[in-house]
Amino acid sequence: MARHLITSAIPYINGIKHLGNLVGSQLPADLYARYLRARGHEVMFICATDEHGTPAELAAAKAGKPVDVYCTEMHEVQAEIAAGFRLSFDHFGRSSSAQNRVLTQHFAKVLAEHGLIREVTEKQMYSVADGRFLPDRYIEGTCPNCGYTSARGDQCDNCTKQLDPVDLINPRSVISGSTDLEMRETKHLFLRQSEMKDKLAAWIDSKTDWPVLTTSIAKKWLFDGDGLQDRGITRDLAWGVPAQFEGAPWQGMEGKVFYVWFDAPIEYIAATQEWADKTGGDWARWWRTDKGAEDVTYTQFMGKDNVPFHTLSFPSTILGSGEPWKLVDYIKSFNYLNYDGGQFSTSRGRGVFMDQALGLLPPDYWRWWLLSHAPESADAEFTWENFQVSVNKDLADVLGNFVSRITKFCRSKFGEALPEGGLWGEREIALIAELATRVREYERLMDEKEVRKAATELRAIWVAGNEYLQAAAPWTVFKTDPAQAAAQTRLALNLVRLYAVLSEPFIPDAAATMLAAMQTEDRSWPGDIRAALEVLPVGHAFATPEVLFRKIADEEREDWQNRFAGTRD
RNA sequence: GGCUAGGUAGCUCAGCAGGUUAGAGCACGUGACUCAUAAUCACGGGGUCGGGGGUUCGAGUCCCCCCCUCGCCA
């Protein structure tokens with residue numbers, strides 16, 4: 001038994017996430033967590049909402065609510081949806097927690113003591129009417145290049161030219177529309193990542209087993225152009241972890257907070273502290289190598305947009321502190337999931353969002369499709385046709401129908417209990433051999449976090465059951481040798497339990513239904529396959545379950561296709 | 001423009017320490033079976049492995065050039 005710390009990139013508080021966000025971090029993290037628990041390991045699976053920053057402030061203002069109230073509400077919404085997808089977090093925290101404030105300030109202070117923070121005075125656009133500094137993208141004006149009137153301070157959406165806010169003609173605040181803007185001096189803290197460059201490079205180089213996607217992005221940022229740049233870790237905002245605090249090694253940072261990318265990853269640790277405070281557990285044995293975490297394996301899951309923060313920035317914080325914090329062991333990153341020929345778009349409401357998905361079908365349908373099509377080697381694409389075909393074929397026909405055919409067969413010929421008699425022959429021995437090979441391969445792929453390939457192997461395990469039934473044909477054997485048919489039926493019914501155990505990480509609800517139907521609580525992971533197929537003994541009663549997975553009809557699919565093509569209401 | 005990852009059967013993808021007739025699922029065709037959610041199982045048709053050079057006895061698999069897609073950055 002080993003100890004595994006697993007974190008999923010934390011979703012931003014602003015709004016409900018779409019399926020692309022889900023499959024990029026939370027869902028594969030959950031798959032891995034469930035698998036490791038099933039194998040008997042000790043798991044700490046952490047996620048949280050990322051709550052600080054300007055977008056949260058603006059969304060709250062738009063909703064007419066204080067930002068803290070807004071975040072509390074949205075956190076509850078996201079927690080509920082996560083539960084709806086059966087994401088099995090040990091704790092779903094909040095980056096606005098008191099624990100994170102203390103820890104973030106602690107890290108900043110320690111980093112400063114190690115000379116890794118420097119103060120930088122720069123000029124930034126200030127909106128007198130709004131009473132605040134404006135981030136570049138919250139300033140709009142006319143593009144000096146193409147004349148587009150809604151060009152943003154960082155880039156013109158029309159001609160794609162990169163801009164500086166001062167370039168804009170007639171600049172105005174996106175927040176209030178005010179044109180009363182001026183350049184003011186402001187002071188910020190910068191994390192001296194450039195000092196950490198060599199150490200980070202050596203560390204990344206040592207990770208030869210990481211996905212190429214992860215290491216190539218890290219190396220790009222490390223070596224491209226002038227190399228790894230220092231980054232500002234404070235902003236002129238009210239909503240966040242205050243950058244001026246008691247005992248801070250600097251002065252004059254009043255009214256400023258730490259930037260989200262600095263405090264968000266620290267929330268992984270803080271969320272574990274939140275968990276500890278709630279449950280009385282010990283967070284330090286997961287995070288402090290001087291307090292029991294030296295044998296922990298830490299795996300992070302994230303979309304590719306988050307890779308720079310997790311390979312460079314957060315490690316700079318961890319390593320730079322000089323304290324014995326647990327550093328990540330493996331970073332599993334994902335490409336993007338596109339939607340029917342284009343991108344999912346939160347702002348334009350294009351694609352399927354998590355709450356909407358659950359309104360259409362139960363979580364297992366989505367979990368199966370998303371995981372079996374996870375964008376590991378390249379960007380992947382969601383289409384309704386593909387979704388319909390995969391779900392109908394894999395879940396309804398191959399797995400669901402297998403459970404259905406054998407339970408109903410047994411019920412009609414022998415009754416609802418495992419029948420007695422008969423012996424296993426060559427066919428059964430061959431099946432056991434095939435399953436043994438496949439289950440070991442499935443384990444290997446799950447250990448390697450090869451999500452798509454694991455799904456393929458699992459499906460092949462389901463298919464093996466159908467092949468066996470088709471070849472053994474107990475319905476024919478029954479006519480001449482009922483005892484032999486009984487042995488075959490007994491084996492197949494035991495397969496249902498085995499499938500439930502193996503499939504649980506992908507489709508937890510269906511797995512629970514299958515175990516309930518087999519009237520067993522035995523979820524033990526199969527070591528010896530032969531033994532695993534004798535867990536349910538002769539005479540063990542079962543209940544013929546309802547249809548495990550219903551099929552998606554063509555009309556339904558077309559309806560959904562139309563409904564989600566445009567914008568979200 | 002620079003960089004990353006891709007461009008393999010109609011579709012979604014696997015394969016690549018270079019080596020006999022390039023694989024899987026879906027879709028399609030034929031057959032088997034009738035226990036089952038008109039499900040399942042078997043067999044089959046289908047690919048000049050983006051294009052062009054090169055290295056090699058031999059290249060989707062290595063090298064060079066070009067074209068296309070996606071994303072990141074300037």
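Note on naming: letters A, B, ... go to the chains in the order of the sequence lines (proteins, then strands), and numbering restarts at 1 for each one. Atom set for the values below is all heavy atoms of this structure, side chains included, hydrogens, waters and symmetry mates excluded.
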Send over the distance from [X] [atom1] to [N] [atom2], rounded to a whole Å.
X: A:R459; N: B:U40; atom1: CZ; atom2: P; value: 9 Å
X: A:Y339; N: B:U12; atom1: OH; atom2: P; value: 16 Å
X: A:L431; N: B:C41; atom1: CG; atom2: P; value: 13 Å
X: A:K453; N: B:G25; atom1: NZ; atom2: P; value: 17 Å
X: A:F309; N: B:C73; atom1: CZ; atom2: C1'; value: 13 Å
X: A:N386; N: B:A24; atom1: CG; atom2: C1'; value: 15 Å
X: A:N306; N: B:U4; atom1: CG; atom2: C1'; value: 17 Å
X: A:W462; N: B:G25; atom1: CH2; atom2: C1'; value: 13 Å

Please measure how far the [atom1] atom in [N] lies from the corresponding atom in [M], and state the result in whole Å.
N: B:G46; M: B:C3; atom1: P; value: 42 Å
N: B:C11; M: B:G47; atom1: C1'; value: 14 Å
N: B:A17; M: B:G7; atom1: P; value: 15 Å
N: B:U4; M: B:C41; atom1: C1'; value: 44 Å
N: B:U55; M: B:C64; atom1: P; value: 15 Å
N: B:U40; M: B:U20; atom1: C1'; value: 35 Å
N: B:U8; M: B:A14; atom1: P; value: 10 Å
N: B:G10; M: B:G50; atom1: P; value: 13 Å

Need the pair for [N]. Rule: Watson-Crick or G-U wobble, both distances under 3.5 Å, any strand; none if unpaired.
N: B:G44; result: B:C28
N: B:G23; result: B:C13
N: B:C3; result: B:G71
N: B:U56; result: none

Could you classify B:G50 for me, syn or anti, using a glycosidic angle within 90° of 0 as syn?
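That one's anti.
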
Lys/Arg N to Asp/Glu carboxylate O, A:R438 vs A:E434, below 4.0 Å:
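A salt bridge links A:R438 with A:E434.
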
Between A:E420 and A:R490, is there a side-chain N and carboxylate O pair less than 4.0 Å apart?
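Between A:R490 and A:E420 there is no salt bridge, as every charged N stays at least 4.0 Å from the carboxylate O atoms.
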
Do you see a donor-acceptor pair shorter than 3.5 Å between the side chains of [X] and [Y]?
X: A:E416; Y: A:T544; value: yes
X: A:N335; Y: A:K304; value: yes
X: A:E428; Y: A:Y468; value: yes

Pick base, sugar-phosphate or nothing for A:V403, based on heavy-atom distances below 4.0 Å to the nucleic acid.
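A:V403: no heavy atom of the nucleic acid under 4.0 Å.
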
Distance to the ring centre below 6.0 angstrom and angle to the axis at most 45 degrees; does that hold for A:K332 and A:F334?
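Here A:K332 passes the 6.0 Å and 45° test against A:F334.
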
Would you say the rings of A:Y268 and A:H310 are close, in the sense that their centroids are separated by under 6.0 Å?
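Yes; A:Y268 has its ring centre under 6.0 Å from that of A:H310.
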
Looking at the rings of A:W560 and A:F387, which for Trp means the six-membered one, are their centres under 6.0 Å apart?
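Ring-ring flag for A:W560/A:F387: false, centres at least 6.0 Å apart.
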
I need a per-nucleotide contact map over nucleotides 34-39 of chain B, read 5' to 3'. Cutoff is protein heavy atoms under 4.0 Å; write B for the base, S for backbone only, - otherwise.
SBBB-S

On RNA chain B, check which nucleotide each of A:A471 and A:N335 is closest to and give me the residue with the more 5' one.
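Of the two residues, A:N335 wins.
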
